[in-house]
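To keep things clear, I will list the structure first and then write my remarks on it.
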2 protein chains.
Amino acid sequence: MTKYESIAAVIKQRIQDNVYQTGTLLPNQSDLASEFGVSRMTINKAINILTMEGFVSSQRGFGTKILNHPLWNKDVSPVNEYRGLSFQMAEQHRQIKSQIISFEVAFPEKKIQERLMLTPQQPVYQIVRLRIVDDDPFILEHTIMPVDLIPNLTDDILKESIYHYIQFDLGLQIAGAYRNIQATRADEFDIKYLQCQPTDPVLEVEQVAYLKNGRPFEYSHSRNRFDKRGYTELDMRN
Amino acid sequence: MTKYESIAAVIKQRIQDNVYQTGTLLPNQSDLASEFGVSRMTINKAINILTMEGFVSSQRGFGTKILNHPLWNKDVSPVNEYRGLSFQMAEQHRQIKSQIISFEVAFPEKKIQERLMLTPQQPVYQIVRLRIVDDDPFILEHTIMPVDLIPNLTDDILKESIYHYIQFDLGLQIAGAYRNIQATRADEFDIKYLQCQPTDPVLEVEQVAYLKNGRPFEYSHSRNRFDKRGYTELDMRN
DNA sequence: CAGTGGTCTAGACCACGGG
DNA sequence: CCGTGGTCTAGACCACTGC
């Protein structure tokens, strides 16, 4: 934990505790620097985090205003998506189960070779999992990962969290992801496993996720029941 | 344009011109600092931008690797969403027309009062526009904005770009937006104006956009034809 | 005008990855 | 071990806001 992260956490707590009230201004950066015994650049970095997370908004020549946060009750940590669904649900005290529908190894198709930067000879896992939250089918996930990057994947890991395995057991660092979100019609798979009607829409999230070393490690399609789950984001800038 | 923004632009250009090649490492930050005649912190800030935009990925103790960018041909500028659809389409040399379906002023409903932080007595515009790209119906936008924040809105502005008017004519600064993306069924409006079938899915983006001064200035629902438009994002971290 | 945040510097120390 | 990027400092200048 760096200094600016700790300071951001303290200020966030003060906002939540109404020590700093919504609609008012934060103390100026110099005063905060004195209070925390750090340089102003460090305060500036802390405030940048809070800006990205949507808690405050700064204006040169004016000050830093505390915003009425649209997602107070939800998770807005900067690592949001990369802890996987398991973590998110645990935070909301919801029970998640994963049913493995298929788990195979094969050589990648052309499209996958391109997306994951693979040769035709590099095998991939092909995983289909049904994520069940509080006993209701929620998301049908089709995941493809290179075997050489993610070795020794087992049923036990798939039933828990792949992301936990990648980050904590393999020690790999995740850089980010590219996503495309579409609405589509339910297909036979969705009808069977998500228990959709044939005329139901489905929210489809296509994702390619990358490691810090530059290699894509996951290509996935998440098919979400339209009445159970949306996709929420907070997009704030400096 | 700040120094770190210019430097980021130069480095990005070198990547595009293959002066720095995909998969190799960038020169180290000290060398770049010498070359550009700036301090290393400035180089660091420039590289942060490139990281957020998905061009490079840094690892402490190793270096900064140039990534195979998933969106080379698309717009990844950091102000992506805030220039509005008009600007995006102009960049792709596509023709956009806006048909005004309704444009009224009214007192806000309860839900809108909450979302836009208004009293029941503060009037709002209620705008419905059909965005037509290359002569095909594309998006049906329901937009609500407070009259006091966005004065003197006219038909002419609505046919062009509201975002341009807000930023350039009114001089307001946009902080960001909260979005929720859902798949839904087509309703009568969609069928009539987007020329959907009754069984077609629709991609719905609900958005609340904020100014830097903390006031929400827009509540909107964009209903996108499922076969014409998805929602794409690049989500990279440090 | 005084006060604010945004940027920038020239150093420094440290954590980490690789040989 | 060395070289890397990440952080941090104590200042400085500037652009902008509001009065």
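All values below were derived from every heavy atom in this structure, side-chain atoms included, with hydrogens, water molecules and symmetry-related copies excluded. First the proteins, then the strands, lettered A, B, ... as listed; each starts at 1.
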- request: Return yes if some donor-acceptor pair links the side-chain N/O of Y125(B) with the main-chain N/O of I150(B) below 3.5 Å, else return no.
  value: yes

task: Can you tell me the distance, in whole Å, between the CG atom of N213(B) and the C1' atom of dG18(D)?
output: 14 Å

field: Phosphate OP1/OP2 of dT4(C): any S30(A) side-chain N/O under 4.0 Å
entry: no

field: Donor-acceptor contact below 3.5 Å, side chain S6(A) vs main chain T2(A)
entry: yes

task: Taking the side chain as every heavy atom from C-beta outward, state whether T232(B) and Y178(A) have any atom pair closer than 4.5 Å.
output: yes

- line: Per atom distances to the V38(A) side chain, the nearest of dT7(C), dT9(C), dT9(D) is dT9(D)

- request: Let me know the distance between OH of Y4(A) and P of dG6(D), rounded to the nearest Å.
  value: 9 Å

- prompt: What pair of heavy atoms forms the shortest contact from A46(A) to I7(A), and how long is it?
  reply: CB-CG2, 3.9 Å

message: I want to confirm an ordering. Mapping Q59(A) and N238(B) to their closest nucleotides on DNA chain D, which one lands closer to the 5' end?
response: N238(B)

query: OP1, OP2 of dT7(C) versus side-chain N and O of N44(A): anything below 4.0 Å?
result: no

Review item, nucleotides 1-3 of chain C N/O atoms under 3.5 Å of protein N/O:
from, atom 1, to, atom 2, distance (Å)
dG3(C), N2, G61(A), O, 3.0

query: Does T64(B) put a side-chain nitrogen or oxygen below 4.0 Å from OP1 or OP2 of dT4(D)?
result: no

query: Once you round it to whole Å, what is the distance between P of dT4(D) and NZ of K65(B)?
result: 16 Å

- request: Please report, rounded to the nearest Å, how far the P atom of dC14(D) is from the NZ atom of K3(B).
  value: 12 Å

task: Would you mind telling me which residue lines up with the more 5' stretch of DNA chain C, E5(B) or L26(A), judged by nearest nucleotide?
output: L26(A)

task: Looking only at side-chain atoms of M41(B), point me to the closest of dA10(C), dT17(D), dT7(C).
output: dA10(C)

field: Interatomic distance, L50(A) CG vs dG5(C) P [rounded to whole Å]
entry: 13 Å

task: Using atom types as modelled and distance alone, determine if a side-chain donor or acceptor of N213(B) lies under 3.5 Å from a backbone N or O of R215(B).
output: yes

message: If you assign each of S39(B) and K212(B) to its closest nucleotide in DNA chain C, which residue comes earlier from the 5' end?
response: K212(B)

message: Just N and O in the side chain of K45(B): are any of them under 4.0 Å from OP1 or OP2 of dG6(C)?
response: no

query: To the nearest Å, how far apart are Q29(B) CD and dC16(C) P?
result: 17 Å

message: Of the listed nucleotides (dT7(C), dT17(D), dT7(D)), which one gets closest to any side-chain atom of R40(B)?
response: dT7(D)

query: Rounded to the Å, how far apart are N48(B) CG and dC8(C) P?
result: 13 Å

task: Output the single nucleotide from dG17(C), dC8(C), dG6(C) whose closest atom is nearest the side chain of T2(B).
output: dC8(C)

Without placing hydrogens or testing angles, list every side-chain donor-acceptor pair under 3.5 Å for residues 105-119 of chain A, not counting sequence neighbours.
from, atom 1, to, atom 2, distance (Å)
K111(A), NZ, Y219(A), OH, 3.2
Q113(A), NE2, P108(A), O, 2.9
T119(A), OG1, Q121(A), N, 3.4

message: Between Q182(B) and E206(B), is there a side-chain donor-acceptor contact under 3.5 Å, judged purely by atom types and distance?
response: no

message: Taking K212(B)'s backbone N and O only, do any of them form a donor-acceptor pair with S57(A)'s side chain (distance below 3.5 Å, no angle check)?
response: yes

task: Send over the distance from F36(A) CZ to dC8(D) P, rounded to a whole Å.
output: 13 Å

- request: Give a yes/no answer on whether the side chain of S58(B) brings an N or O atom under 4.0 Å of OP1 or OP2 in dG5(D).
  value: no

